[in-house]
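See below for the structure under consideration.
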2 protein chains.
Amino acid sequence: MTTPQTLLSNLAKPAQAFSKAEQKVADAILANPELTTRSSIARLAQSAEVSEPTVNRFCKRLGATGFPDFKLKLALSLASGARFINSAVAEDDTAPTFTPKIFNASIHALEKTRDSIDPKLIHHVIDEVVASKRIYFFGQGNSGPVAQDAEFKFFRFNTPVSAHQDPLMQRMLAAASKPGDLLFIISYTGRTIGLVETARLARDSLATVISITAPASPLARASDLAITLDVGEDTDEYLPMTSRLAQLTLLDVIATGVTLRQGQAHLPHLARIKASLASTRFDSVEQDV
Amino acid sequence: MTTPQTLLSNLAKPAQAFSKAEQKVADAILANPELTTRSSIARLAQSAEVSEPTVNRFCKRLGATGFPDFKLKLALSLASGARFINSAVAEDDTAPTFTPKIFNASIHALEKTRDSIDPKLIHHVIDEVVASKRIYFFGQGNSGPVAQDAEFKFFRFNTPVSAHQDPLMQRMLAAASKPGDLLFIISYTGRTIGLVETARLARDSLATVISITAPASPLARASDLAITLDVGEDTDEYLPMTSRLAQLTLLDVIATGVTLRQGQAHLPHLARIKASLASTRFDSVEQDV
DNA sequence: ACAATAATGTAATAAAAATACATTTATAAG
DNA sequence: CTTATAAATGTATTTTTATTACATTATTGT
């Protein structure tokens with residue numbers, strides 16, 4: 001299933017439309033990929049008979065942040081079927097080829113998010129959750145289901161929680177919010193007008209607003225705390241939104257943090273929830289919730 | 001000599017007899033190995049609170065020729081799957097430690113799903129979607145948001161689609177279904193009584209039922225096609241459900257397959273959807289949907 | 001043939017890693 | 001309990017490596 005050497009085969013593909021100098025770089029890498037993972041940019045430039053910046057540009061064109069990053073990805077691609085580069089879905093893809101690509105794109109988004117999250121910020125968010133009297137999750141469009149998922153997750157705590165996708169309802173609840181209320185606003189772009197206004201309304205009411213959104217977006221600016229996710233999308237029209245997976249996992253992290261913070265205190269509450277579900281199952285050992 | 005796999009476990013081994021400063025380095029690397037593979041020696045030295053030469057000596061002691069070589073070997077060791085040794089969340093975990101653990105658990109779930117999916121089955125599912133006159137997504141509990149997410153995704157196609165979380169609604173729609181109708185039923189356990197009965201009702205009405213659920217479960221048996229996900233036990237009480245991420249990505253795969261199958265035919269439909277959203281944004285370049 | 005643009009290279013700068021060497025800390029002998 | 005000795009660690013410097021800014025050279029379309 002896992003096609004090994006995806007980066008490599010990508011290099012070899014003639015359809016790649018490399019420029020002359022870049023083709024030389026590709027050839028030089030292909031001639032001895034293992035060596036390349038341990039080369040300096042100068043050595044590779046020399047063996048490809050091009051200048052060093054050309055090598056650097058070549059790396060960036062292939063999605064790396066620079067030469068060292070490229071070497072790392074190349075090494076991984078050699079070791080275990082590449083999952084970083086060339087996950088673009090093409091029109092001639094079939095189920096066996098696009099299935100791993102899409103999973104890889106999702107995995108990549110999570111890896112990127114994992115490495116960009118600031119634990120201190122998470123800590124602050126958990127503080128706010130623990131301190132709150134009531135929690136709302138707001139999302140529209142694709143982020144609506146994320147908000148709802150969060151509701152299920154946070155339902156385990158004793159704090160009242162609800163998720164809302166309807167813009168009017170969101171607006172009304174924001175306007176009616178009070179100090180001690182905590183609003184999570186989830187938006188990939190952070191540019192949905194209604195949600196930004198909702199954030200402002202809530203803050204006017206002295207509620208706390210935490211957004212999960214794009215860096216430097218209007219929503220991020222309008223929030224008390226903003227967890228910004230830059231998953232980097234839109235490059236491939238066939239690749240679906242991976243940001244919601246990052247949002248979901250991020251909310252998992254926050255919920256887990258709250259659970260750990262609360263310690264054993266809430267366990268009886270949880271037991272009641274589990275018991276209430278038992279009768280809806282064929283077999284009560286496992287559960288969806 | 002240092003084979004890739006042994007590097008990580010070597011670090012974790014207490015028997016290693018590291019000196020004080022070297023132990024700090026080992027701890028810092030273990031705290032976030034993925035990040036280390038992309039760090040500079042200065043960054044790692046700082047996070048371990050030691051000097052840079054100490055890090056360098058540490059690397060050499062472990063058989064690398066220097067820091068870059070060490071990073072390379074570390075990356076390879078991570079790629080070979082040694083990274084999940086430490087992913088159980090413990091009560092004394094704090095934000096910096098449990099955050100990567102949870103992301104890793106999610107990533108692992110996707111990797112496992114990626115490698116267990118049968119592309120032929122996906123192909124059949126896409127056939128059914130393309131052939132269908134109407135599509136329903138049913139889920140309860142945690143799978144409810146997944147169904148809703150799928151609705152957003154499949155809305156792009158011309159086939160009428162709706163998601164339902166209410167058991168009564170699901171039952172009624174299943175009973176009223178007709179040949180040409182396609183029901184996706186999403187359930188992690190495949191043991192929710194209501195959903196299994198719904199599947200039977202729908203098949204009695206000659207609709208097609210595709211489930212995304214657990215292997216060998218009652219729901220899987222009650223379906224025409226079952227995509228079974230075995231993400232693994234939730235052995236750790238603090239680790240959240242990762243199955244829904246696998247479900248979501250799987251539905252991404254199916255939707256992408258349908259898109260590719262339909263080719264350009266549906267593009268005008270998509271353009272209209274995009275246009276309808278433009279006025280709700282501060283900046284119409286990006287979008288949530 | 002000539003602008004406009006893209007591609008590539010040169011030279012300078014910044015960043016990273018390794019080295020030489022100084023200082024501190026631990027150890028063991030008297 | 002010193003004090004010589006060795007081991008460990010850190011500081012400052014040099015060397016290597018990577019990136020950037022900018023100049024030059026090709027390429028393309030009119």
Side-chain angles (χ1 to χ4, degrees), chain A residues 7 10-11 13-30 32-77 84-85 115-116 232 235, chain B residues 2 7 10-11 13-30 32-76:
Chain A
L7 201 169
N10 197 25
L11 287 180
K13 219 173 278 174
Q16 260 295 341
F18 287 132
S19 69
K20 253 181 290 182
E22 284 174 342
Q23 188 58 54
K24 284 202 234 172
V25 177
D27 291 345
I29 294 169
L30 248 21
N32 194 342
E34 282 84 5
L35 181 67
T36 304
T37 62
R38 270 165 281 115
S39 279
S40 70
I41 195 169
R43 196 151 128 221
L44 177 57
Q46 194 182 358
S47 90
E49 299 180 311
V50 299
S51 70
E52 299 182 22
T54 297
V55 174
N56 193 271
R57 283 186 285 256
F58 176 87
C59 297
K60 287 181 175 169
R61 173 174 300 236
L62 270 88
T65 66
F67 184 68
D69 184 50
F70 176 83
K71 282 195 294 189
L72 185 68
K73 284 172 172 162
L74 179 63
L76 291 175
S77 127
F84 293 96
I85 298 189
D115 296 338
S116 71
T235 41
Chain B
T2 320
L7 210 170
N10 266 353
L11 285 179
K13 225 170 273 173
Q16 257 294 339
F18 287 133
S19 71
K20 251 180 294 185
E22 283 174 342
Q23 187 59 54
K24 283 202 234 172
V25 177
D27 291 345
I29 293 167
L30 248 21
N32 194 343
E34 284 86 2
L35 183 65
T36 305
T37 62
R38 267 163 283 114
S39 279
S40 68
I41 196 168
R43 192 148 131 227
L44 177 59
Q46 193 182 356
S47 90
E49 298 179 315
V50 299
S51 70
E52 300 181 22
T54 297
V55 174
N56 194 272
R57 282 186 285 259
F58 176 89
C59 296
K60 286 181 174 170
R61 172 175 301 237
L62 269 87
T65 65
F67 183 69
D69 185 50
F70 175 83
K71 283 196 293 189
L72 186 68
K73 287 181 165 145
L74 179 64
L76 293 176

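The sequence lines fix the lettering, A, B, ..., with proteins before strands; numbering per chain opens at 1. Given the structure is predicted, the values throughout are model-derived calculations rather than measurements. For the numbers below, each heavy atom of this structure counts, side chains included, while hydrogens, waters and symmetry mates do not.
- Here A:N56 reaches the OP1 or OP2 of D:dT19: one of its side-chain N or O atoms lies under 4.0 Å away.
- Of the inter-residue distances, the one linking B:F70 atom CZ with B:C59 atom SG reads 5.0 Å to the nearest 0.5 angstrom.
- With a cut-off of 3.5 Å on both pairing distances, the Watson-Crick and G-U wobble pairs of DNA chain C assemble into stems of 3 or more at C:1-30 with D:1-30.
- At whole-Å resolution of the value, CG in A:L44 and P in C:dG9 are 13 Å apart.
- Checked against D:dA12, C:dG9, C:dA17, the side chain of B:P53 finds its nearest nucleotide in D:dA12.
- Atom-to-atom, CZ of B:R61 to C1' of D:dA7 comes out at 10 Å; the value is rounded to the nearest Å.
- Distance CG (A:D69) to C1' (C:dA16): 16 Å, rounded to an integer number of Å.
- For the pair A:K24 and C:dA7, the criterion of a side-chain N or O lying under 4.0 Å from OP1 or OP2 is not met.
- Between B:K60 and the phosphate of C:dA18, there is no side-chain N or O to OP1/OP2 separation shorter than 4.0 Å.
- With values rounded to the nearest 0.5 angstrom, B:E34 atom CD is found 8.5 Å from B:L74 atom CG.
- In this entry the distance linking CD1 of B:I41 with P of D:dG10 reads 13 Å, nearest Å.
- Taking atom CG on A:L72 and atom P on D:dA18, their separation rounds to 13 Å, with Å as the unit.
- Side-chain contact between A:L72 and B:R38: present, with at least one pair of heavy atoms (C-beta onward) separated by less than 4.5 Å.
- Nucleotide D:dT20 holds its P atom 18 Å from the CZ atom of A:F58, rounded to whole Å.
- When distances run from any side-chain atom of B:V50 to the nucleotides D:dT19, C:dA17, D:dG10, the shortest one goes to D:dG10.
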Name every donor-acceptor pair, under 3.5 Å, that has one atom in a side chain of residues 39-53 of chain A and the other anywhere in the protein, sequence neighbours excluded.
residue: A:S39; atom: OG; partner: A:L35; partner atom: O; Å: 3.2
residue: A:S40; atom: OG; partner: A:A42; partner atom: N; Å: 3.4
residue: A:S40; atom: OG; partner: A:R43; partner atom: N; Å: 3.2
residue: A:S47; atom: OG; partner: A:L44; partner atom: O; Å: 3.4
residue: A:S51; atom: OG; partner: A:T54; partner atom: OG1; Å: 3.1

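- For A:S51, counting side-chain heavy atoms from C-beta on, the closest listed nucleotide (C:dT10, D:dA18, C:dA20) is C:dT10.
- In terms of position on DNA chain D, the residue among A:R57 and A:S39 whose nearest nucleotide sits closer to the 5' end is A:S39.
- The CD atom of A:E52 sits 14 Å away from the P atom of D:dT16 (whole-angstrom rounding).
- Positionally, the nearest nucleotide of DNA chain C for A:T54 lies more toward the 5' end than for the other of A:T54 and B:F67.
- Between B:E49 atom CD and D:dG10 atom P the separation is 10 Å, expressed in whole Å.
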